[in-house]
Colleague: 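Pasting in a structure now, in structure tokens, and then I'll have a few things to ask.
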Amino acid sequence: MKRTATCGALRKEDTGTSVILNGWVHRNRNHGGIHFINLRDRYGTTQIVIDQDAEEALRQQAELLKFEYCIAVRGVVRERPDTMKNPAMATGDIEVAASEIEVLSTCKTLPFMIDEESDAKEDLRLAYRYLDLRSEGMQRRIRLRHEFTFAVREYLSREGFYEIETPTLIKSTPEGARDFLVPSRVQPGKFYALPQSPQLFKQILMVSGFDKYFQIARCYRDEDARGDRQLEFTQIDIEMSFVSREDVFRVTEGMFGHVFEKTLAMDLPAAFRRITYADAMNTYGSDKPDLRFDLPIVSFDAFAQKSSFNAFTGALESGGCVKALVAPGCAGYSRKLITELEAAARIYKAKGMAWMKVAAEGFEGGVSKFFNDSFDDITSALNASEGDLIVMVADSWLITCNALGAVRNKLGHDLGLADPKRFEFCWIIDFPLFEYQEEEGRWAAAHHMFSMPQARYLDTMEADPGSVKGDLYDLVLNGYEVASGSIRIHDPEIQKRIFRIVGFSEEEAEERFGFLLNAFSYGPPPHGGIAPGLDRMLMIISEQTSIKEVIAFPKNSVGVSPMDDSPSVVDAVQLKDLHISLDLPDTTETD
RNA sequence: GGGGGCGUAGCGAAGCUGGUUAUCGCGCCGGCCUGUCAAGCCGGAGAUCGCGGGUUCAAUCCCCGUCGCUCCCGCCA
């Protein structure tokens, strides 16, 4: 019995039609005389009825149907009596009166119920992912993922971009994240790496003249997972020639505008807000600020300076800073709640968090005695009023920013200021090009070595690497970094200078990136690009906090796929073919 | 590498400053039931309380170790 309609299709207008439906038994309700089955497929759910006057054989058959049996039903569409309509169901005006049922396959007792969202533990869901994917929530998110990538392809193709595939077996480049390695059988002792991104290849495609490129590209990074990070993930990789940052921004904004309209029926602003890295850190304590709420961080240096509070003056003397954050209406916070806020600050290495409550006539509690002299000046500088809680951190600039940024995020969350239905994009620009590696005592590329320094720093780059801003940018959405990109270096002389600053010898550069540098000696065009993370983006717009919810077959937090049990031990024969011998730690099980 | 949380029937949870037969909901099995849509009612089966060791007259509960999962810090050019 091949289906003539899907389980989401039938409406009042189909009354009287004879149909065949195929699907899974979602619910089965037997009332003795009358029998209801909710039949489910990708498209929806339709109520099947076996009436009291149906043939005895059919009624007995219905009795035997269990959860998730895959069945075919022949029947006639009929409108439900008015009082029996279900407005919560798309097909709730009708039902199908069954005349024949065929069991296509049976189903064992389920390890967990197929509900809208499963409440089973994640590992169990992943072990039975094929069942978990039947849930309404997973079905909806996988469909959203399809629609999203479809809209991306639609927009970029229309803008003249070519989708070009790049290899997934490539040369290992030790910079950046750890590579996943793939041994070569034919070349004993040699390894391919899986790409961390198509970075070098897309730049080479620019040299080849494909001046607008994109790819929905799988990337691999052998680093520990996080809620928003998976060791295997997908990015929308984009690169363009003869462009400036403005062109990359325009395409990205246009693309997401199109995608949000198509997938969420939502209008985005034509251009996204821009914040410099320094401003983002100073005001929001993060280079990926959540702009759905304000809660700005304010400098407290001036008040700290003239106070007699040693923890603050000490931080200033050692070159640090003091910053404050107003928690609106939180003067009633208990010691316990304040300690929880402090814990958020401590995660990011703050040694402590000072606080005081704003009362009508002065500060109360915590460190108030040091600052009551400046009550009016402080409340006006911080825009604080009675009933607020002021929290402060004194430390190095970076620790202070990060710590208060964490407190800000916690407050935004706890006070319900972060509306999950709002999507606040912003560009973070003017990133430093280099960062100093304390342990190694050298400068390193903050992003990667192929990003262009901004023109005004070209003369002073070697003299003061720390001050150099790159033509680098991130796209941030609701507190997550969702894309990162830059204008690349196409001038071999500038590239050589960058290598020198990060302590990369010409031999080393030649060994690792020789093919790229060589390509760049054959008329490379100026170019730049960006790479939005598809999974993370989908996670945010589907209001999830785990990236696993938008990936059909994700790995768990330790890189295992409980369904197919990868990674796994392999045959000695396979290893021998690959010229590999194992040197395992004692504790490792090898089955 | 480090820190927090969790592990009790097929699933989700409760219990535990140590004490008879380990509780509840869902699912499963049997019965009843003519309009439900998380159907309802009655009955039943199902748990070496993650694993190992220790303390104790007595351990699901306390202690030590270990394994697994989960979130976070580090890491992620």
Side-chain angles (χ1 to χ4, degrees), chain A residues 26-40 45-54 59 63 66-68 80-89 91-92 95 97 108-128 131-132 173-179 196-197 199-200 219-231 233 340 343-344 346-349 402-403 406 410 431 433-435 437 439 444-451 470 472 481 484 486 498 502 504 512-513 531 533 536 545-546 548 556-558 560 562 587 589:
Chain A
H26 188 64
R27 294 284 188 272
N28 189 358
R29 296 180 292 281
N30 179 7
H31 289 249
I34 190 166
H35 211 116
F36 300 99
I37 294 159
N38 286 356
L39 191 66
R40 188 199 70 238
T45 305
T46 297
Q47 175 163 288
I48 310 296
V49 188
I50 294 93
D51 287 311
Q52 57 270 28
D53 54 1
R59 295 176 57 189
E63 183 68 31
K66 308 294 182 193
F67 284 117
E68 299 303 309
R80 298 193 198 181
D82 276 345
T83 53
M84 311 304 168
K85 286 180 177 164
N86 184 351
M89 254 173 118
T91 61
E95 60 197 6
K108 294 202 289 193
T109 299
L110 293 167
F112 49 80
M113 291 292 287
I114 314 286
D115 287 321
E116 183 180 346
E117 297 287 355
S118 176
D119 57 359
K121 284 196 182 63
E122 194 169 83
D123 239 37
L124 193 70
R125 292 175 58 202
L126 293 183
Y128 294 91
L131 295 178
D132 189 44
T173 54
E175 288 289 304
R178 270 183 289 271
D179 281 329
Q196 296 176 27
S197 85
Q199 185 63 37
L200 302 182
C219 306
Y220 306 85
R221 293 179 191 173
D222 187 9
E223 298 293 347
D224 291 350
R226 282 287 185 284
D228 65 345
R229 242 167 53 194
Q230 187 76 181
L231 40 81
F233 64 101
E340 282 177 18
R346 286 181 184 275
I347 290 172
Y348 288 89
K349 306 284 176 284
N402 284 337
K410 180 167 168 54
F431 277 91
L433 193 62
F434 303 104
E435 60 191 24
Q437 304 282 311
E439 312 89 62
H447 184 62
H448 62 54
M449 289 184 285
F450 310 108
S451 294
L472 281 168
E481 178 198 316
S484 188
S486 67
I498 300 284
V502 301
F504 229 58
R512 294 183 185 182
F513 308 114
R536 201 175 282 174
T545 52
S546 168
K548 302 182 193 104
N556 71 11
S557 71
V558 285
V560 168
T587 52
E589 292 281 341

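Atoms considered below: every heavy atom in the structure, side chains included; atoms not considered: hydrogens, waters and symmetry mates. Naming: A, B, ... by sequence-line order, numbering from 1 per chain.
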Colleague: For A:Ser197, report the nucleic acid contact type (base, sugar-phosphate, nothing); a contact means any heavy atom under 4.0 Å.
Modeller: base
Colleague: Specify the residue among A:Leu110 and A:Asn38 whose closest nucleotide of RNA chain B lies further upstream toward the 5′ end.
Modeller: A:Leu110
Colleague: Rounded off to whole Å, could you give me the NZ-to-C1' distance for the A:Lys121 and B:A13 pair?
Modeller: 9 Å
Colleague: Between the base of B:G3 and the side chain of A:Arg346, is one N or O donor paired with an acceptor at under 3.5 angstrom?
Modeller: no
Colleague: Identify whether any heavy atom of A:Asp119 sits under 4.0 Å from a base atom; if not, whether one sits that close to sugar-phosphate; answer base, sugar-phosphate or nothing.
Modeller: sugar-phosphate
Colleague: At under 4.0 Å between heavy atoms, what does A:Met449 touch on the DNA or RNA strands: base, sugar-phosphate, or nothing?
Modeller: nothing
Colleague: Among the candidates B:U36, B:G10, B:G27, find the nucleotide nearest to the side-chain atoms of A:Pro111.
Modeller: B:G10
Colleague: Base of B:C75, side chain of A:Arg229 - is there a donor-acceptor contact under 3.5 Å?
Modeller: yes
Colleague: Please tell me which of the listed nucleotides, B:U70, B:G27, B:C73, lies nearest to the side chain of A:Met113?
Modeller: B:G27
Colleague: Mind checking A:Lys108 for me? I need base, sugar-phosphate or nothing, with any heavy atom below 4.0 Å counting as a touch.
Modeller: nothing
Colleague: Hey, does A:Ala446 reach any base, or is it just sugar-phosphate, or nothing, if we go heavy atoms under 4.0 Å?
Modeller: sugar-phosphate
Colleague: For A:Arg125 and B:G12, what is the distance between atoms CZ and P respectively, to the nearest whole Å?
Modeller: 11 Å
Colleague: Measuring only the C1' atom in each nucleotide, how far is B:G54 from B:A13? A whole number of Å is fine.
Modeller: 30 Å
Colleague: Calculate the interatomic distance between A:His31 atom NE2 and B:A38 atom C1'; express it in whole Å.
Modeller: 12 Å
Colleague: NA contact type, A:Gly33, heavy-atom cut-off 4.0 Å: base, sugar-phosphate, or nothing?
Modeller: sugar-phosphate
Colleague: What contact category does A:Gln199 fall into here, base, sugar-phosphate, or nothing, at under 4.0 angstrom with non-hydrogen atoms?
Modeller: base
Colleague: Students often get this wrong, so: under 4.0 angstrom with heavy atoms, is A:Glu481 touching a base, only sugar-phosphate, or nothing?
Modeller: nothing
Colleague: Contact class for A:Tyr348 (heavy atom, under 4.0 Å): base, sugar-phosphate, or nothing?
Modeller: sugar-phosphate
Colleague: Output the single nucleotide from B:G27, B:G12, B:C37 whose closest atom is nearest the side chain of A:Asn86.
Modeller: B:C37
Colleague: Should A:Lys85 be listed as having a side-chain N or O under 4.0 Å from OP1 or OP2 of B:G35?
Modeller: no
Colleague: Return the value, rounded to whole Å, for the distance between atom OH of A:Tyr128 and atom P of B:G27.
Modeller: 19 Å
Colleague: Within the 4.0 Å heavy-atom criterion, would you say A:Asp222 contacts the bases, only the backbone, or no part of the nucleic acid?
Modeller: nothing
Colleague: Hey, does A:Arg29 reach any base, or is it just sugar-phosphate, or nothing, if we go heavy atoms under 4.0 Å?
Modeller: base
Colleague: So what does A:Val49 touch, heavy atoms closer than 4.0 Å: a base, only the sugar-phosphate, or nothing?
Modeller: nothing
Colleague: Can you tell me how far P of B:C69 sits from CG of A:Leu126, to the nearest Å?
Modeller: 11 Å
Colleague: Under the 3.5 Å rule, do the base of B:C75 and the side chain of A:Asp224 count as making a donor-acceptor pair?
Modeller: no
Colleague: Any side-chain N or O of A:Arg27 less than 4.0 Å from the OP1 or OP2 oxygen of B:A38?
Modeller: no
Colleague: OP1 or OP2 of B:C73 less than 4.0 angstrom from a side-chain nitrogen or oxygen of A:Arg226, does that happen here?
Modeller: yes
Colleague: Quick check, does A:Phe112 stack with B:C11? I mean ring centres under 5.5 Å and planes off by under 30°.
Modeller: no
Colleague: Within less than 4.0 Å of OP1 or OP2 of B:U70, is there a side-chain N or O belonging to A:Ser557?
Modeller: yes
Colleague: Hey, does A:Ile34 reach any base, or is it just sugar-phosphate, or nothing, if we go heavy atoms under 4.0 Å?
Modeller: base
Colleague: Return the nearest nucleotide to the side chain of A:Pro81; candidates are B:G12, B:C76, B:G35.
Modeller: B:G35
Colleague: What's the closest nucleotide to the A:Val558 side chain, out of B:U70, B:G35, B:C37?
Modeller: B:U70
Colleague: Less than 3.5 Å between a donor and an acceptor, one on the side chain of A:Arg80 and one on the base of B:U36, is that the case here?
Modeller: yes
Colleague: Per the atom types in the model, does the base of B:G74 pair as donor or acceptor with the side chain of A:Glu223 at under 3.5 Å?
Modeller: no
Colleague: Closer to the 5' end of RNA chain B via nearest nucleotide, is it A:Glu435 or A:Lys548?
Modeller: A:Lys548
